[in-house]
Each structure stands twice: as C-alpha cells, then as structure tokens.
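For clarity, every value in this text was computed on a predicted model and none was experimentally measured. Counting from 1, the numbers follow the sequence of the chain as shown.
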Amino acid sequence: MIKNKFIADKINKILQLRFVVNYRRMWPYVKPVWFRALCSMLICIPIGSLDAIIALALKPYMDLVMVEKSISSPWYIPLGIVAFTSIQGGLKYLSSYLSTWVGGRITNGLKFDLFKKLLTFPTSFYDTRNSGDVVFQFNNQADIACTGLLDNLSVFTQRIFSSISLVCVLFYNSWQLALIAVLILACAFAPVSALQKRIKSVLDKTVVADAAIITAYNEAFAGNKTITSYNLSKHEENKFFWILKNVFKLRIKMVQKTQWLSPLMHVIVSIGIAAAIGYGSHLIMSGTITSGNFVSFITALILLYTPVKNIGNNLNAVQFSFFSIERIFELLDSVPAIRDRENAKVMPREHSRIQFIDVNFEYVENVPVLKNVNLDIRKGETFALVGNSGGGKTTIVNLLPRFYDVKSGAIMIDGVDIRDFTLESLRQNIAVVFQDNFLFSGTIRDNILLGNESATDEDINKAIKMAYLDDFIASLKDGLNTQIGERGILLSGGQKQRVAIARAFLKNAPILILDEATSALDNKAEAIVQKAIDNLMQDKTVFVIAHRLSTVQNADKIVVINQGEIAEIGSHEELIKIEKGQYRTLYEMQFKKQEVSI
C-alpha cells in the first residue's frame with residue numbers, strides 16, 4: 001500500500017513537472033504579447049477582489065438598518081455596491097477582450113509553426129494518416145490548447161483573488177466560522193487530484209473520434225462524384241452515424257469520469273454552509289458576533305463556495321488544454337524521417353551521371369518492393385520504366401527526389417549519395433509531372449508561377465507556348481487570371497496536365513520525371529500533351545514511366561521492372577529482338593489490342 005502511494009506521488013510530481021515544462025515551451029509564443037497577457041491577468045485581480053465588496057458592505061447595513069433601525073440609514077452603501085459592480089463589469093469586458101486578443105495571437109503562432117512542421121514530413125507520414133487526423137492535430141489542437149487554457153486561467157485568477165478577498169471577509173466577521181469554512185473548502189478540493197488519471201485514456205480516444213468526423217466531411221467533399229455515381233449516400237450516412245455514435249459514447253464516458261466532481265462538491269459545500277449556520281447561530285446568541293457579521297459572513301461564504309461547486313467543468317477544460325499542449329510539442333519536437341544530414345551540401349545544377357546501386361526498398365517492414373536495383377543513367381538520356389502494375393516503377397522514381405529513402409544501397413549523382421545533398425537543392429534540380437497533377441485553388445497564372453515565382457512575363461508566355469496552352473488561354477475571358485477552383489476542378493484532364501507541364505517548364509530543372517503523364521487522357525488530349533512533353537524533355541535527363549509502350553519507343557534505354565526487380569534493359573530495338581522477352585510480350589499484347597479495337 002505504501003509502495004503504491006509512493007508510485008502515485010511520483011507520477012503526480014512527474015505530471016506537474018510536465019505542465020511546468022509545457023508552460024516554459026509556450027513562452028516563445030507568449031513573449032511577443034506578454035504585456036497584454038500580463039494586463040489581462042492583472043485586471044483579473046480587481047475583478048476577483050471586488051466580489052468581497054458586497055459581502056463586506058452588508059455588515060454595517062444590517063447592523064444599522066435591520067437591527068438598530070437607524071433613521072440615518074447609510075444610503076451610500078447601495079450606491080457604492082452599484083458603482084463597484086459597474087467597475088467590475090467594465091474590467092471583465094476589458095479582460096475578455098485582452099484574453100481573446102492574446103489567445104488569438106498565440107494560437108496563430110502555434111498554428112503557423114505546426115503548419116511549417118507539417119510541410120517537413122515525408123510522403124510516408126501522409127501514407128499512414130487520414131486528412132481528419134492531420135486537420136485535428138495540426139489545427140484544432142492549437143485552438144483547444146490556447147482558448148481553453150487562457151479562458152480558464154483568467155477564471156482561475158479571478159477566483160483566486162476573489163477567494164482571498166472573501167476569506168479575508170470571513171475572518172473579519174468571525175475567525176471561528178472562517179476556520180470551519182476553510183477546512184470544508186480544503187476537503188472540497190481533495191478529490192481533484194484523482195481527475196487527471198481518470199480522463200487520460202478517454203481523451204486519447206476522443207481525439208481519434210473527432211478526427212474521424214473531419215475525415216468523413218473531407219471524403220464527402222472530395223469523393224462526391226464517386227458517392228453519387230455508385231449510389232453510396234446510404235453507405236456514407238451509415239458510416240457517419242456510427243462515427244457520431246462512437247463520439248457520443250466517449251462524451252458520455254467523459255461525463256461519467258469527470259462530472260461526479262461537481263455534485264460531490266455541492267454536497268461538501270452544503271455541509272460547510274450548514275455548519276456555518278449552525279455554529280453561527282450559537283455565536284449570535286452568545287453575543288460573540290452581530291447579526292451583521294453573520295449575514296456578511298454567510299454572503300461571503302456563498303460567494304466563495306458557488307464557483308467551487310462548478311470547478312469540475314473548468315478542470316476538465318484545463319485537462320484538455322494540457323493534453324493538447326503536450327500533443328502539440330510532441331509534434332513540434334518530432335524529427336522527420338527524411339531530412340538534411342549534417343554538413344549536407346548544395347547539389348550543383350550540372351550533372352553527368354545518375355546511378356542506382358543495389359537499391360532495396362520496402363513500404364512495410366519485411367515486404368520488399370525493390371530488390372537490388374542497379375541503373376546507370378547518363379546526362380541527357382531518356383530512361384523509360386515499363387512493366388506490369390505494382391512492379392515498382394513509380395517507387396524507383398519516388399526515391400530520386402527522396403519522397404522516400406532507400407532501405408539499403410544508394411542513389412548517386414556524380415558519385416555523391418543524394419542523401420548528402422540538401423533536400424532543397426536536390427528537389428530544385430528535379431521536376432515531376434504526375435499522372436494526376438495537383439493544382440492549387442487560384443488562377444492559371446498562380447499555378448504556373450509555382451515553378452518559378454520570379455519568372456518574367458516573357459518566361460511565362462514561352463512556357464505557355466511550349467506547353468500548347470496558348471490557344472486555350474486565349475479563348476478564356478480572363479486569360480491567365482482565370483480562376484480554376486480547388487484542385488483545378490474547372491479544367492479538363494488534358495488542360496490540367498498542360499498547366500503542370502508549363503509549371504515544369506518554368507522550373508527548368510535538369511532532371512525530369514514523367515510518371516504516366518498521359519495515361520489518364522483520351523487520344524486527342526494525349527496527342528497534344530505528348531507534344532508538350534516532347535518540348536519539355538529537350539536537353540534534360542528524363543525518367544519516363546509509361547503504360548503505353550508506343551510513347552517510349554524512342555527512349556535511349558527501356559527498363560522492364562517485374563515484381564521489384566529489373567527483368568530486362570536496353571533500347572526498343574534491342575528488347576524487341578529477345579524471343580519470349582517480357583518487353584516483347586508486353587509490346588505485342590498492346591498492339592494486338594490496338595489492332596482488335598481498330
């Protein structure tokens with residue numbers, strides 16, 4: 001029993017230390033607004049202290065008017081109470097304004113750093129999380145941390161000084177009754193220490209459940225066409241119903257674990273008031289205190305006890321805030337799996353050779369995706385990767401800009417491991433055109449300029465022409481300033497691809513990756529996009545992933561990937577001559593399909 005108590009005490013001390021550490025970690029965000037934050041807290045002192053005025057004023061009023069029936073009643077006391085409460089109301093407004101202002105600034109600071117941190121995580125981070133988790137962890141938790149903590153800190157500051165002033169009134173009126181009141185108050189706070197351990201596990205589950213709600217809304221927005229075309233409305237409704245049901249259960253569980261505190265305090269407080277009334281009656285009868293003392297005491301006691309009865313709700317909110325602060329700094333302290341090495345150097349723009357040396361890779365531990373891949377690419381060569389779906393083609397090109405890192409082996413550029421280059425310089429030298437390119441909300445100009453924000457109008461016009469976008473843009477009323485909607489929803493697939501190609505033109509990187517850039521287009525759109533790609537490929541080292549082999553026949557080397565291994569490598573002419581070769585089999589299958597369709 002003693003050992004368990006010792007462990008519990010140690011845990012409590014550790015938790016208290018963590019809170020202190022979190023406050024220290026918050027200081028950089030508080031420092032720029034410390035003066036307003038301090039003013040907000042200082043204003044809480046008179047707000048709380050003025051609670052004692054009403055209780056203190058009742059003693060002379062009761063003794064003179066109600067007991068002695070004095071003709072010259074102290075008329076200034078009611079007016080004084082109104083004046084002081086008016087001042088208190090004005091200070092409360094000012095405190096609320098300052099708290100909101102300070103809280104908003106601190107929250108924005110946290111959100112900005114969280115967003116910066118989010119941008120440092122590698123692709124593997126997003127592979128294992130859904131959008132709801134990201135939104136909740138990197139946005140909502142900052143709101144919970146700051147808003148809940150500051151609001152409740154203001155409330156606690158007011159109540160501390162209110163309690164101090166009211167306790168002074170208690171002792172002023174009767175030290176005997178005051179001792180009883182303070183003892184009961186101490187008993188009321190005794191159960192508080194057990195609250196944190198009871199709600200920790202529920203808080204963890206609540207975060208996951210709240211994130212699931214956000215994910216459901218995001219999926220309903222992004223997948224609206226799929227939901228409509230497959231008549232999935234009922235399915236999505238049922239899924240959301242169960243998410244809400246789970247959230248409801250967790251809310252109820254939280255109430256079960258925390259809301260017992262307020263009723264318990266109600267009982268303890270009522271005992272204190274009953275004890276004060278019982279013993280106070282004896283003191284009045286014995287002449288130890290006056291009726292005015294007693295009324296003033298009881299008023300002060302009720303004002304002191306009333307907020308205590310509801311303190312469970314505030315503590316619950318504070319626990320949420322502490323929990324969120326800890327989560328926020330866990331995220332900010334986390335180290336991205338893919339990052340710059342110490343003394344990483346800037347990759348030069350010019351290169352002569354890219355090598356994959358015994359490269360092995362796996363997304364899931366012990367499930368190999370690439371096995372001993374060896375490639376040698378010279379400057380200016382076009383390297384095509386072909387093969388069945390799931391063979392590892394996209395994985396190979398994803399390793400070059402370090403979307404992922406190899407498990408073993410190395411990728412070398414002119415004899416230097418790409419992990420020895422800074423991420424920024426490595427990626428600045430690589431342009432990628434995906435099968436489904438992401439376009440940001442805004443204008444066509446905004447999206448093209450992402451390739452080079454300092455590009456001149458002449459550069460933009462050249463990129464547009466080379467991407468075969470000029471006729472399309474000329475047909476638009478607002479031209480380059482046409483809004484394209486979220487994810488470029490207002491553009492066709494071919495138009496999106498050409499905007500992405502124009503963006504890549506502006507970047508003008510010496511290494512180009514084309515990840516099935518035309519596979520999702522119809523024949524007409526593909527023909528135009530392919531012309532744009534041919535322009536983009538000039539004077540670059542190019543990696544092409546292609547499903548249609550007709551688009552890679554002119555590649556310098558074609559690599560056939562099968563289940564993570566290189567099956568064949570050579571030019572089109574070399575590979576087509578291999579009897580029963582995999583490339584020849586794929587080629588013949590595709591052209592037979594084309595002949596049948598014709």
Working for salt bridge (Lys or Arg N to Asp or Glu O under 4.0 Å), residues Glu573 and Lys577: CA-CA 7 Å; Glu573 290 76 15; Lys577 293 177 182 177; over 6 Å; no
Do [X] and [Y] have side-chain heavy atoms sitting under 4.5 Å apart?
X	Y	result
Val406	Asn360	no
Val359	Phe356	yes
Thr443	Thr482	no
Leu399	Asp405	no
Leu400	Ile354	yes
Val499	Ile484	no
Leu423	Arg402	yes
Thr123	Tyr404	yes

Just by distance, no angles: are the side chains of Thr395 and Tyr363 close enough, under 3.5 Å, to form a donor-acceptor pair? yes
Any donor-acceptor N or O pair under 3.5 Å, side chains Ser233, Glu236: no
Closer than 4.0 angstrom, basic N to acidic O: yes or no for [X] and [Y]?
X	Y	result
Lys393	Glu516	no
Glu458	Lys462	no
Arg353	Asp376	yes
Glu568	Lys557	no
Lys345	Asp420	no
Lys531	Asp534	no
Glu381	Arg378	no

Main chain of [Y], side chain of [X]: is a donor-acceptor contact present, judged purely on distance under 3.5 Å?
X	Y	result
Arg498	Tyr468	yes
Asp446	Gly442	no
Asn139	Gln137	no
Asn447	Phe440	yes
Glu565	Gly391	no
Thr541	Gly380	yes
Asp113	Lys111	no
Glu219	Ala216	no
Asp358	Asn372	no

Run the side chain to side chain contact (heavy atoms under 4.5 Å, CB included) test on Tyr583 and Ile578 for me, step by step, so that the C-alpha distance in whole Å, both residues' side-chain angles and the decisive distance to 0.1 Å come before the verdict. CA-CA 8 Å; Tyr583 177 79; Ile578 301 175; over 6 Å; no
Find the distance between [atom1] ([X]) and [atom2] ([Y]) and round it off to the nearest 0.5 Å.
X	Y	atom1	atom2	value
Asp133	Thr215	CG	OG1	5.5 Å
Ile501	Leu469	CD1	CG	8.5 Å
Cys146	Ile325	SG	CD1	7.0 Å
Ile243	Ile214	CD1	CD1	11.0 Å
Arg105	Leu110	CZ	CG	12.5 Å
Lys496	Leu490	NZ	CG	9.5 Å

Taking [atom1] in [X] as the centre, count heavy atoms belonging to other residues, nucleotides or ligands within less than 6.0 Å. Is the count above 12?
X	atom1	result
Phe438	CZ	yes
Phe112	CZ	no
Glu424	CD	no
Asn554	CG	no
Lys465	NZ	no
Asn238	CG	yes

So which of Val416, Ile418, Ile511 actually passes side-chain contact (heavy atoms from CB on, under 4.5 Å) with Met347? Ile511
What are the two closest heavy atoms between [X] and [Y], and how far apart are they?
X	Y	value
Lys507	Arg427	NZ-O, 2.7 Å
Ala384	Ala555	CB-CB, 3.9 Å
Asp459	Leu506	O-CD2, 3.6 Å
Tyr126	Pro122	CD1-O, 3.4 Å
Ile144	Ser324	CG2-OG, 3.3 Å
Thr394	Ile545	CA-CD1, 3.4 Å

Between Phe121 and Phe125, what is the ring plane arrangement, given parallel below 30°, perpendicular above 60°, and tilted in between? parallel
With sequence neighbours left out, what residues match Trp34 under side chain to side chain contact (heavy atoms under 4.5 Å, CB included)? Trp27, Leu38
Using side chain to side chain contact (heavy atoms under 4.5 Å, CB included), reason through Val134 and Ser131 one step at a time and then give a plain yes or no. CA-CA 5 Å; Val134 172; Ser131 58; 5.7 Å; no
Hey, mind stepping through Val559 and Val373 against side chain to side chain contact (heavy atoms under 4.5 Å, CB included) and telling me if it holds? CA-CA 11 Å; Val559 182; Val373 172; over 6 Å; no
Holding to ring-ring contact (aromatic ring centres under 6.0 Å, His included), I want the full list of residues that pass it with Phe505, two or more places apart in sequence or in another chain. none
Validation row, ring centre Phe115 to ring centre Phe138 under 6.0 Å: no
I would like to know whether Thr585 and Lys580 meet side chain to side chain contact (heavy atoms under 4.5 Å, CB included); could you show each step before the answer? CA-CA 6 Å; Thr585 302; Lys580 297 182 180 179; 5.5 Å; no
